[in-house]
Amino acid sequence: MKEAITRLLEQTLASMAENGQLPADLTPKVQVDRTRDPSHGDLASNVALTLAKAAGKPPRDLAGAICAALPANQIVERTEIAGPGFINFFLTQDSGQAVVKRVLEQGEAFGRSDAGAGRKVQVEFVSANPTGPLHVGHGRGAAVGDSLCRLLTATGWDAASEFYYNDAGAQIDNLARSVQARCQGLDPDSPEWPADGYRGEYIVDVAKAYLGGETIDAEDRHVTGAGDADNLEAIRDFAVAYLRREQDLDLKAFGVHFDCYFLESALYADGAVEAAVERLVANGHTYEKDGALWLRTTDFGDDKDRVMRKSDGAYTYFVPDVAYHLNKWERGFGRVIDEQGADHHSTVTRVRAGLQALQAGIPEGWPDYVLHQMVTVMRGGEEVKISKRAGSYVTMRDLIEQAGRDATRFFLVARSPSSQLTFDIDLAVSQSNDNPVYYIQYAHARICSILRKLEESGEGFDQDAALQQLDKLQEEHEKAVLRQLDRYPEVVANAAVNAEPHQVANYLRDLAGDFHPWYNAHRTLVEDTALRDARLALSLAVRQVIANGLDLLGVSAPESM
RNA sequence: GGGGGUAUAGCUCAGUUGGAUAGAGCAACGGCCUUCUAAGCCGUGGGUCGAGGGUUCGAAUCCUUCUACCCCCGCCA
């Protein structure tokens, strides 16, 4: 609807320019906004304000001229000039009610678009090292990243989700040594405990399983514990498989699916890391110093150069990162979004610098990043410090088990990624009824309940007939719901473009907030068949949009609660 | 010291990309269930949008200077 008005205004301005009512060289940016106050109509534009100076007319006069020049159409009932020169559009009843038909006809497709035109995009998220259970921060990444994939798919992108799985490098060695120490009966306070070892209790579980000869069935690997505390290699393989399986279980419980798990070790195995290094050296962006190989990232906007190959011969993590991203580029992902915690912010410049230094034709700002700010966990009114290496933890599994999948997901996705998030466990668990997700799901369940009631009553519902009766929707509550439904496609488009799933969450809250008052004020199953049909049609539309929106967040839409 | 983020009601947070009188939930207070589900609805109170300056018809939103908090600044990831 907003677009229709925008086009109408553009036409009008173009014809005014032809008539000489406006300067011909004007390239007006037509902006149309929804009004906050219904007394200002349905939509409003500020064109008269922005063009006043160029047109050499007072804004209100110009607004009047524009209104007078507006071509005849089916959607605008009348216009008003308000305030300093806003043009307020009051839409015809038909145009406002037509959204019900669109929703019911398009069903699950309502709100989707082809803006992405089938282009490939990859979203990488979570990418936790297999050195411990997933914690709340990973949960936020999972919720945001997964929703982002759904949003991109819904807006016409060919979206693929990916988990970069770091199964090589120093932290894995560290993990193996920690498990070995536990196998040997050491605890983190003993003097022989490895430096920087993982101190968490879960390491004990891994060690017990290894010593007990347990078999681990992870998604991509099956390992049986050798039971030999001296075999560090066997311990490493077992520990990685063990923790990988734990992460699989958590992600599955969270309803998050990955199209691809990418193994860091594969980059070493197929020579991609070496090849990247050679290319960087050949391009002249490296130098040796203090026994290490450095990349001159300062040539590409970094504040200091970075070590690629340590003096012990091993590569720093960012070298495989660069090789990995080159691989993504070569796989044809013209767009890549890396969803990470803000504590990894420093890798952004570094990876981009490395990619530029490869001189592989990769655009400068590639890839995109969505960095979510840190999650603070509160329990018993106190902050719970999360430290993987120290072993203090609030795991994703705890949250899902205690607060439920839907509430946890909603909670983690409902805020702007750039905003720090306080996850109050007591609130999520003990007062879960206060969680807005139930408010939204309840609206869906209520509508389902009405339909069950309708069925019990033996009355029928003819959708085609109902769509002819939409003019019966005259209550203010109903108009509010109609206006809200009309917004949905814009919200989805906006959320996808800005990579902000929380906009969908906010919208659903608003929609439910328009539905519940209507439900309370007016019965749907009334005697008057025409009115009943009209209200049922509107209710079905609300149910559809709630289901569509919740799906974008990975949250279920229950039929009863 | 440098880089990034944030600052909006008692608390947790929105704010449609610069629009009209700044919103929601929770918390507080007062009402509403023999009616399609009360996880709901109706009403009341609550604000120097961190502070100063600037840009313009118009600023919570943009620029600038401060202040406070979070994250990063490793030959860890």
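Just so you know, these numbers come straight off a predicted model, no measurement behind them. Quick note on labels: first sequence line is chain A, next is B, and so on, each numbered from 1.
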Tell me the interatomic distance from [X], atom [atom1], to [N], atom [atom2], rounded to whole angstroms.
X	N	atom1	atom2	value
A:N174	B:rG74	CG	P	19 Å
A:L421	B:rC11	CG	P	17 Å
A:F423	B:rC13	CZ	C1'	15 Å
A:L508	B:rA14	CG	P	16 Å
A:F411	B:rA39	CZ	P	21 Å
A:H502	B:rU12	NE2	C1'	14 Å
A:N506	B:rG25	CG	C1'	11 Å
A:D424	B:rC26	CG	C1'	11 Å

Rounded to the nearest 0.5 Å, what's the gap from [atom1] on [X] to [atom2] on [Y]? Could you check?
X	Y	atom1	atom2	value
A:R36	A:D33	CZ	CG	10.5 Å
A:Y439	A:L511	OH	CG	9.5 Å
A:H477	A:R535	NE2	CZ	11.0 Å

Below the 4.0 Å mark, does [N] have OP1 or OP2 next to a side-chain nitrogen or oxygen of [X]?
X	N	value
A:T422	B:rC13	yes
A:K53	B:rU56	no
A:K289	B:rC75	no

Test side chain to side chain contact (heavy atoms under 4.5 Å, CB included) applied to A:Y369 and A:H345, step by step:
CA-CA 9 Å; A:Y369 282 86; A:H345 179 263; over 6 Å; no
Taking only the [atom1] atom of each, what is the distance from [N] to [M] in whole angstrom?
N	M	atom1	value
B:rC62	B:rA68	C1'	23 Å
B:rA38	B:rC71	P	45 Å
B:rU67	B:rG53	C1'	15 Å
B:rC63	B:rA59	C1'	12 Å
B:rG46	B:rU6	C1'	24 Å
B:rU8	B:rA14	C1'	10 Å
B:rG74	B:rC66	P	25 Å
B:rC49	B:rG15	C1'	11 Å

Just by distance, with hydrogens left out, do [X] and [Y] show a side-chain donor and acceptor under 3.5 Å apart?
X	Y	answer
A:E478	A:W518	yes
A:Q484	A:D486	no
A:T349	A:D302	no

Is there ring stacking between A:Y438 and B:rA39, where the centres must be under 5.5 angstrom apart and the planes under 30 degrees?
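Yes; by the centre-distance and plane-angle rule, A:Y438 counts as stacking on B:rA39.
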Working for side chain to side chain contact (heavy atoms under 4.5 Å, CB included), residues A:E264 and A:Y165:
CA-CA 6 Å; A:E264 182 189 13; A:Y165 181 30; over 6 Å; no
When all nucleic acid strands are considered with a 4.0 Å heavy-atom cut-off, which category describes [X]: base, sugar-phosphate, or nothing?
X	answer
A:S127	nothing
A:R415	sugar-phosphate
A:H522	base
A:A52	nothing
A:M374	sugar-phosphate
A:F318	nothing

For B:rC33, does the glycosidic angle fall within 90° of 0 (syn) or outside that (anti)?
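Classified syn.
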B:rU8: syn or anti, per glycosidic angle within 90° of 0:
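That one's anti.
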Looking only at the side chain of A:A292 (C-beta and beyond, no hydrogens), which of the listed nucleotides B:rC73, B:rU17, B:rC75 gets closest?
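Minimum distance to the A:A292 side chain belongs to B:rC75.
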Pairs where residues 502-523 of chain A contributes a residue and the test salt bridge (charged side-chain N to carboxylate O under 4.0 Å, His left out) is met, not counting sequence neighbours:
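Qualifying pairs: A:R487-A:D510.
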Side chain to side chain contact (heavy atoms under 4.5 Å, CB included) for A:L151 and A:V504? Distances and angles first, verdict last.
CA-CA 9 Å; A:L151 276 166; A:V504 176; 4.0 Å; yes
What pairs of nitrogen or oxygen atoms, one from the protein and one from nucleotides 1-6 of chain B, lie under 3.5 Å apart?
residue	atom	partner	partner atom	Å
B:rG5	O2'	A:Q373	NE2	3.3
B:rG5	O2'	A:S418	O	2.9
B:rG5	N2	A:Q420	NE2	3.4

Relative to the ring of A:F262, is the ring of A:Y324 parallel (under 30°), tilted (30 to 60°) or perpendicular (over 60°)?
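Tilted: the ring planes of A:Y324 and A:F262 meet at 30° to 60°.
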Classify the ring geometry of A:F515 against A:Y519: parallel below 30°, tilted from 30° to 60°, perpendicular beyond 60°.
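Because their plane-to-plane angle lies in the 30° to 60° range, the rings of A:F515 and A:Y519 count as tilted.
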Dot-bracket line, read 5' to 3' along RNA chain B, where crossing pairs take [ ] and | marks a partner on another strand, Watson-Crick or G-U under 3.5 Å:
(((((((..((((.....[...)))).(((((.......))))).....(((((..]....))))))))))))....
Name the residue closer to the 5' end of RNA chain B, choosing between A:L525 and A:Y317 according to the nucleotide with the nearest heavy atom.
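Going by which nucleotide is closer to the 5' end, it is A:L525.
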I want to confirm an ordering. Mapping A:D290 and A:V32 to their closest nucleotides on RNA chain B, which one lands closer to the 5' end?
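The residue mapped nearer the 5' terminus is A:V32.
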For a quick check, tell me whether the side chain of A:S311 and the base of B:rC75 share a donor-acceptor pair closer than 3.5 Å.
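It does, because a donor-acceptor pair links the side chain of A:S311 to the base of B:rC75 below 3.5 Å.
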With A:F300, which residues qualify under ring pair (Phe, Tyr, Trp, His ring centres under 6.0 Å), at least two apart?
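A:F300: ring pair (Phe, Tyr, Trp, His ring centres under 6.0 Å) contacts with A:H285.
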Under-4.0 Å salt bridge between A:R78 and A:E80:
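The answer is yes: the pair qualifies as a salt bridge.
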Run the salt-bridge test on A:E288 and A:R309 with the 4.0 Å N-O cut-off and return the result as yes or no.
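A salt bridge links A:E288 with A:R309.
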Enumerate the protein-to-nucleotides 41-44 of chain B contacts in which both atoms are nitrogen or oxygen and the separation is below 3.5 Å.
residue	atom	partner	partner atom	Å
B:rC41	OP1	A:Y439	OH	2.5
B:rC41	O4'	A:N520	ND2	3.0

Verify, without hydrogens or angle tests, whether A:R352 (side chain) and A:P367 (backbone) share a donor-acceptor contact under 3.5 angstrom.
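Side chain of A:R352 to backbone of A:P367, a donor-acceptor pair under 3.5 Å: yes, one is there.
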Table of protein N/O atoms under 3.5 Å from nucleotides 19-23 of chain B N/O atoms:
residue	atom	partner	partner atom	Å
B:rG19	N7	A:N46	ND2	2.9
B:rA20	OP2	A:R36	NH2	2.2
B:rA20	N6	A:N88	OD1	2.5
B:rA20	N1	A:N88	OD1	3.2
B:rA20	N1	A:N88	ND2	3.3

So is A:R60 actually on top of A:F86's ring, under 6.0 Å and inside 45° of the axis?
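So A:R60 doesn't make the cation-pi contact.
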